[in-house]
Amino acid sequence: MNGCEGWVASAGHILGGTVLKVNGSSHSTDVRERAAEVARTVFGWPSLRPGQAEAVEAVVEGQDLLAVMATGYGKSAIYQIAAHLLEGPAVVVSPLIALQADQVRHLAERTHDDEEAVAVNSSQSASANRAAWESVASGAAEFVFLAPEQLAKEEVLERLEQARPGLVVVDEAHCVSAWGHDFRPDYLRLGAAIERLGHPRVLALTATGSAPVRDEIVERLGMRSPRIIVGGFDRPNIRLAVRRHEHDHEKEQAVLEQVVGLEQPGLLYVATRGDTERLADVLSERGLRAAAYHGGLKAGERREVHRRFSDGELDVAVATSAFGMGIDKADVRYVVHADITDSVDSYYQEVGRCGRDGEPATATLHYRQEDLGLRRFFAGGKADHARVRSVTSALSTGRPTPAGDLAESSGVSARALTGVLNLLIEAELVREEADGFTLVRKVADAEAIRAVDEVVDRRTRIDESRLAMVRGFAETLRCRRQYLLEYFGDAGTEPCGNCDTCESGSAYEHDDEDATSGFRVDERVEHPEWGEGRVMSVEDDRLTVFFESVGYKVLSRELVEEKGLLAPE
DNA sequence: CGGTCCGCTTTTACAAGCGGACCGGTGCGGTAAT
């Protein structure tokens, strides 16, 4: 079968590393034909792409599946078609209410059926939510869209249980790893919610996923022997460059000058809300149609900026990381970062918003070492000891307690409670059972606090190692694209010829010979101090390994071999 | 961690330098106040 190049699928448990080429000569032509039929008759698509067909087939045959595919490739088609081939409605977990509304509208338009897709959330009236549940109960709704916070509610789980869903879709699944630990703790509770629904097939979808992020999605969602389909990450039409700066002011001038000179439209990412407004003002003065966008704007203002950008009424949107999900504008010509991001994953996701039409586009990172400070601050944070004490003492009855009762007896708000429970579960001090949360054994306050602090410290170390990797991108002398592709697991590429280090020749000077060590990318290894890890990249003189306890570590190959530091697991 | 702002000091400024305080991202849901 042609068109499969660049696609790999791996089977087995997350720790299993079997990588298989997608097998085109499938024995289940039946499923494929039915999928193609649904695509044609229900959605009006002439045919399915290779990754899509493979994915639909796996899901329909009962496998859990993680699909990592570029935005615009058609991830939504996978769950839409699979849902039509399966009994029961599909529960679609989506991070933003605005995205839910988009999907509901598109599905209604496509199928000419208002009850086909419904959403339940806090932005709708109580009567609209009631009507949505009625459509689910009657079987009229094929899709129900929910934020993870909804799945934390007993009432919601009961209604879904009764509807006997055939599929749970987790859209933008990288949010599990990016947001679950602090920002939106209900993302870490999704696995338990899925179990509660009897573990229907799980389909996780995302456009970004380095190996550790993929592993975490699979683990946190409790996916069983999942199939993993990974599309190619390369976006060769995007020119990559980093410009280094000494002083803040000089950096800002360079950013403004560059943005004014580029072919429009484009995106300018900055770190703070204040900077979005300030730089948007300056760019307006310099003749561009510019607007600021950040999470602090009123809903109406956000919608309006989004609309103007999408409709081509803006040259540049100056935004924090709030701007992104749900943007599918094809002709964005550049993404400029005035500040470094918190990880390579975030950086590449934001960069990926330009050049979707395949035409040349540019991505420039303006980098100062001092900018890492803000990211370090965001990576920090401490557990609230008073809350931990309240929750552990409320749990000391020894009886399993539902979250609702626990919020009441501990005096901790429902939302903060979820965060504390996540930490206690990760510290292996609390277990979730069918009828509530329970301590695994009697625990003294001091021990609980020490254990929780350890979990938080481990998270911080991992976040800091992710920051170190994006710093590595900013400072590398090698080909920028090779660096990114290796980060995402595509080893053995050549210098790309379309980045600043290739242009300066530096990439070729530092293009390492083929690695000849015994280590290979993706291999699971064990380190005496840091425990289990996974090889991320192998270079001439060093190895990059992601350890579950400390995050990314760059190791000298000479030392590793001399001391026998890493043993295959 | 780094920047900005404010107020204090200082061989009395149409000023400058310093130290401390404060701030900084992503969104859900529900509640309180109009």
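Just so we're on the same page: letters track the sequence lines, and every chain starts at 1.
- The aromatic ring centres of F233(A) and Y348(A) sit 6.0 Å or more apart.
- Look at the P atom in both dG2(B) and dG27(B): the space between them is 27 Å, to the nearest Å.
- In this structure, D186(A) reaches neither bases nor backbone, as no heavy-atom distance under 4.0 Å exists between it and the strands shown.
- Side-chain atoms of S346(A) and D342(A) include a donor-acceptor pair closer than 3.5 Å.
- Rounded to whole Å, the separation between the C1' atoms of dG3(B) and dC28(B) comes to 31 Å.
- The gap from the P atom of dG29(B) to that of dA33(B) amounts to 22 Å, rounded to the nearest Å.
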(message) Please convert DNA chain B into dot-bracket. A pair counts if it is Watson-Crick or G-U wobble with both distances under 3.5 Å; crossing pairs go in [ ] and bases paired with another strand get |.
(response) ((((((((((....))))))))))..........
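- Along DNA chain B, the nucleotide nearest R368(A) and the nucleotide nearest R415(A) are compared for position; the residue whose nucleotide lies closer to the 5' end is R368(A).
- Backbone-only contact: P95(A) has heavy atoms under 4.0 Å from sugar-phosphate atoms and none from a base.
- Taking a heavy-atom distance under 4.0 Å as the criterion, the stretch of DNA chain B touched by chain A extends 5' to 3' from dC1(B) to dG30(B).
- The side chain to side chain contact (heavy atoms under 4.5 Å, CB included) test with H366(A) singles out one residue from D339(A), V255(A), V270(A), and that residue is V255(A).
- If you check the side chains of Y293(A) and R302(A), you find a donor sitting under 3.5 Å from an acceptor.
- When the nearest nucleotides of DNA chain B are assigned to R302(A) and D248(A) by heavy-atom distance, the more 5′-ward of the two goes with D248(A).
- Nucleic acid contact class of A271(A) (heavy atoms, under 4.0 Å, all strands): sugar-phosphate only.
- Rounded to whole Å, the separation between the P atoms of dC22(B) and dT26(B) comes to 23 Å.
- Judged by distance alone, the side chains of R353(A) and Y269(A) do bring a donor and an acceptor atom under 3.5 Å apart.
- Here the rule is side chain to side chain contact (heavy atoms under 4.5 Å, CB included) with H174(A), and of V68(A), T208(A), L205(A) only T208(A) fits it.
- Classified by its glycosidic torsion, dC14(B) falls in the syn category, the angle being within 90° of 0.
- If you take atom P in dT11(B) and the same atom in dG7(B), they sit 22 Å apart, rounded to whole Å.
- With ring centers used as reference points, Y347(A) lies under 6.0 Å from H337(A).
- I97(A) comes within 4.0 angstrom of sugar-phosphate atoms only, judged by non-hydrogen atoms across all strands, and of no base.
- Judged by distance alone, the side chains of T364(A) and Q258(A) do bring a donor and an acceptor atom under 3.5 Å apart.
- When only modelled atom types and interatomic distance are considered, N121(A) and Q100(A) share a side-chain donor-acceptor pair under 3.5 Å.
- Taking the C1' atom of each, dA13(B) and dC8(B) are spaced 15 Å apart, rounded to whole Å.
- Residue contacts for R273(A): at a heavy-atom cut-off of 4.0 Å it reaches the sugar-phosphate backbone alone, with no base atom in range.
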